[in-house]
Amino acid sequence: MRKQSLLLLLSISLLMTGCAGKENTVSVERETGNGIQPGDSATDNQLGDFATDSQSELAATEEQPESPSTETGREAEPRILHFVDAFGENYETEIREDFPFHSYDMDAFRWQEERVNYEAEDYVCRQGIDVSAYQGNVDWEKVKASGCEFAFIRLGFRGYGQAGNICLDKKYQRNMQQAAQAGVDVGVYFFSQAINEEEAIEEAQFVLKQLEGYELQLPVVYDPESIIGDDSRTDGVSGEQFTKNSLAFCREIQDAGYDVMIYSNMKWEAFELDLAQLSEYPIWYADYEPLPQTPYDFTVWQYSESGKVDGIDGAVDLDLWIERK
């Protein structure tokens, strides 16, 4: 009986040891924020932005090899990202291992009232805003005095109706002139509704024409969006085509000597844009959760759509520019 008991205990111990070596599956649960431009029609920006269930899990996913595989040579299970949009709709997508990942330390993001900073030894950050005609007549001297160091100014947009007319933002010239006079660094963005590369190039050429006579300190931003709640000319455009449009616009602007950036959110990163093809262009990422929740790389974080800044009546988008020293 004693020998049988020892054999039984040894068998149980071996079984427990074998089970302990099984690989755990990492699940990243996320929730969305709302990324619409103030005053714009409801756009797909509302559907971006999602929150990690555990920042340690997110860190663990970023430390995985680019092409994960098991010791037996079989490919590992793809990492699945779950997120919810601003309307409560659930989504899931495979995390793209070929997309560039960020390496930000989530503990280094520090909030003080409604402002956030990134406090890490090797980085510097700057506070900024983005504006359009919806902010009315901005008092740029007050904006500068409030601590805003930069601004992205809407240069123009293409209408989402079938005609797709290209229009100049009504406050573009005033904002460019007065922001420069106040000493605020500026870049511009264009709200795109291009359905093909030819139209994206047309939008870029319009931007270049309107930039004549102005000096930029920041990039020209391509802002492709879908329209929610209404029919739009981009309804049938595929993610592959959106990526081609982005490349066409960026190359046209870049060839003219300007820096370029692309505006995005989590839903666009999950289902529309191929960030592997766009990896040479920095991302301006919209996410209104307490922490930036994309696993992918970005340079500017649009962290609020309801900010209050002296010199602006009503709400304004708040942005954080992060760069290495």
Side-chain angles (χ1 to χ4, degrees), residues 35-45 128-140 143 148 150-182 184-227 230 232-234 237 242 245-246 248-263 284 286 300 302 305 311-317 319:
I36 191 171
Q37 294 288 338
D40 286 349
S41 300
T43 70
D44 203 26
N45 275 346
I129 58 175
D130 54 274
V131 301
S132 69
Y134 295 109
Q135 275 67 53
N137 291 330
V138 176
D139 187 329
W140 286 99
V143 168
C148 288
F150 72 90
F152 284 112
I153 293 169
R154 188 173 75 166
L155 182 148
F157 60 94
R158 185 190 288 274
Y160 66 83
Q162 292 306 312
N165 295 322
I166 294 178
C167 304
L168 187 70
D169 186 277
K170 293 180 180 179
K171 299 295 182 180
Y172 164 68
Q173 294 171 335
R174 182 185 189 278
N175 282 331
M176 290 292 288
Q177 293 166 2
Q178 297 198 9
Q181 291 172 5
V184 176
D185 288 347
V186 297
V188 299
Y189 72 94
F190 185 88
F191 180 92
S192 173
Q193 285 291 286
I195 61 174
N196 53 44
E197 292 137 291
E198 290 74 23
E199 287 193 351
I201 292 172
E202 180 187 21
E203 292 172 349
Q205 291 173 345
F206 176 82
V207 169
L208 293 173
K209 179 66 177 177
Q210 300 303 323
L211 284 175
E212 292 178 2
Y214 295 108
E215 183 177 348
L216 298 182
Q217 293 76 44
L218 306 179
V220 174
V221 182
Y222 186 58
D223 178 18
E225 300 189 27
S226 298
I227 304 300
D230 201 355
S232 76
R233 65 199 316 274
T234 59
V237 178
F242 279 129
N245 295 351
S246 300
F249 180 97
C250 290
R251 287 167 178 166
E252 190 76 9
I253 297 294
Q254 199 171 38
D255 287 347
Y258 293 94
D259 293 330
V260 194
M261 182 175 282
I262 298 172
Y263 183 81
W284 176 14
V300 180
Q302 186 187 75
E305 63 167 353
I312 298 177
D313 293 331
V316 64
D317 293 339
D319 302 287

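- Of all the heavy atoms in Q254 and V260, the pair that sits closest is N-CG2, 3.9 Å.
- Between V188 and Y214, the closest side-chain pair of non-hydrogen atoms is not below 4.5 Å.
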- Item | Full working for side chain to side chain contact (heavy atoms under 4.5 Å, CB included) between D130 and V221 | CA-CA 11 Å; D130 54 274; V221 182; over 6 Å; no

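- Between Y134 and R154, the closest side-chain pair of non-hydrogen atoms falls below 4.5 Å.
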- Message: With side chain to side chain contact (heavy atoms under 4.5 Å, CB included) as the criterion, how do I312 and I129 come out once you've worked through the C-alpha distance, each side chain's angles and the decisive distance to 0.1 Å?
- Response: CA-CA 11 Å; I312 298 177; I129 58 175; 3.7 Å; yes

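- No hydrogens or angles considered: a donor-acceptor pair under 3.5 Å links the side chains of D319 and W284.
- Here the OH atom belonging to Y263 is positioned 14.0 Å from the OG atom belonging to S192, to the nearest 0.5 angstrom.
- Atom CG of L155 and atom CG of D169 lie 8.0 Å apart (nearest 0.5 Å).
- When side chains are defined from C-beta on, C148 does not count as touching V184, because their heavy atoms never get closer than 4.5 Å.
- Considering CZ of F191 and CG of D223, their distance stands at 6.5 Å, rounded to 0.5 Å.
- Other residues, nucleotides and ligands contribute at most 12 non-hydrogen atoms within 6.0 Å of the CG atom of D313.
- In this structure, the side chains of L216 and V186 come closer than 4.5 Å at one or more pairs of heavy atoms.
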- Message: With side chain to side chain contact (heavy atoms under 4.5 Å, CB included) as the criterion, how do I227 and Q193 come out once you've worked through the C-alpha distance, each side chain's angles and the decisive distance to 0.1 Å?
- Response: CA-CA 9 Å; I227 304 300; Q193 285 291 286; 3.8 Å; yes

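- The structure places NZ of K171 at 12.0 Å from CD of Q177, a figure rounded to the nearest 0.5 Å.
- At least one side-chain heavy atom of Y172 sits under 4.5 Å from a side-chain heavy atom of I153.
- One finds the CG atom of L218 at 13.0 Å from the OH atom of Y258 (value rounded to the nearest 0.5 Å).
- Counting heavy atoms from C-beta outward, R174 and N137 have side chains that approach closer than 4.5 Å.
- Counting heavy atoms from C-beta outward, V220 and L211 have side chains that approach closer than 4.5 Å.
- R233 is listed as a side-chain neighbour of E199, based on a closest heavy-atom distance under 4.5 Å.
- Considering every non-hydrogen atom in both I201 and A248, the closest pair reads CG1-CB, 4.0 Å.
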- Message: As a quick check of understanding, evaluate side chain to side chain contact (heavy atoms under 4.5 Å, CB included) for W140 and V131, giving each step before the final call.
- Response: CA-CA 11 Å; W140 286 99; V131 301; 3.9 Å; yes

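- For the pair E203 and Y222, the tightest heavy-atom approach, listed with the atom from each and the gap, is OE1-CE1, 3.6 Å.
- Side chain of Q217 to main chain of G187: no donor-acceptor pair is present (N/O by atom type, distance under 3.5 Å, no hydrogens or angles).
- Side chain of Q135 to main chain of A315: a donor-acceptor pair is present (N/O by atom type, distance under 3.5 Å, no hydrogens or angles).
- The CZ atom of F152 sits 12.0 Å away from atom CG of D317, with the distance rounded to the nearest 0.5 Å.
- For A194 against N245, the heavy-atom pair with the smallest separation is O-ND2, 3.2 Å.
- The shortest non-hydrogen separation linking A200 to F249 is O-CD1, 3.5 Å.
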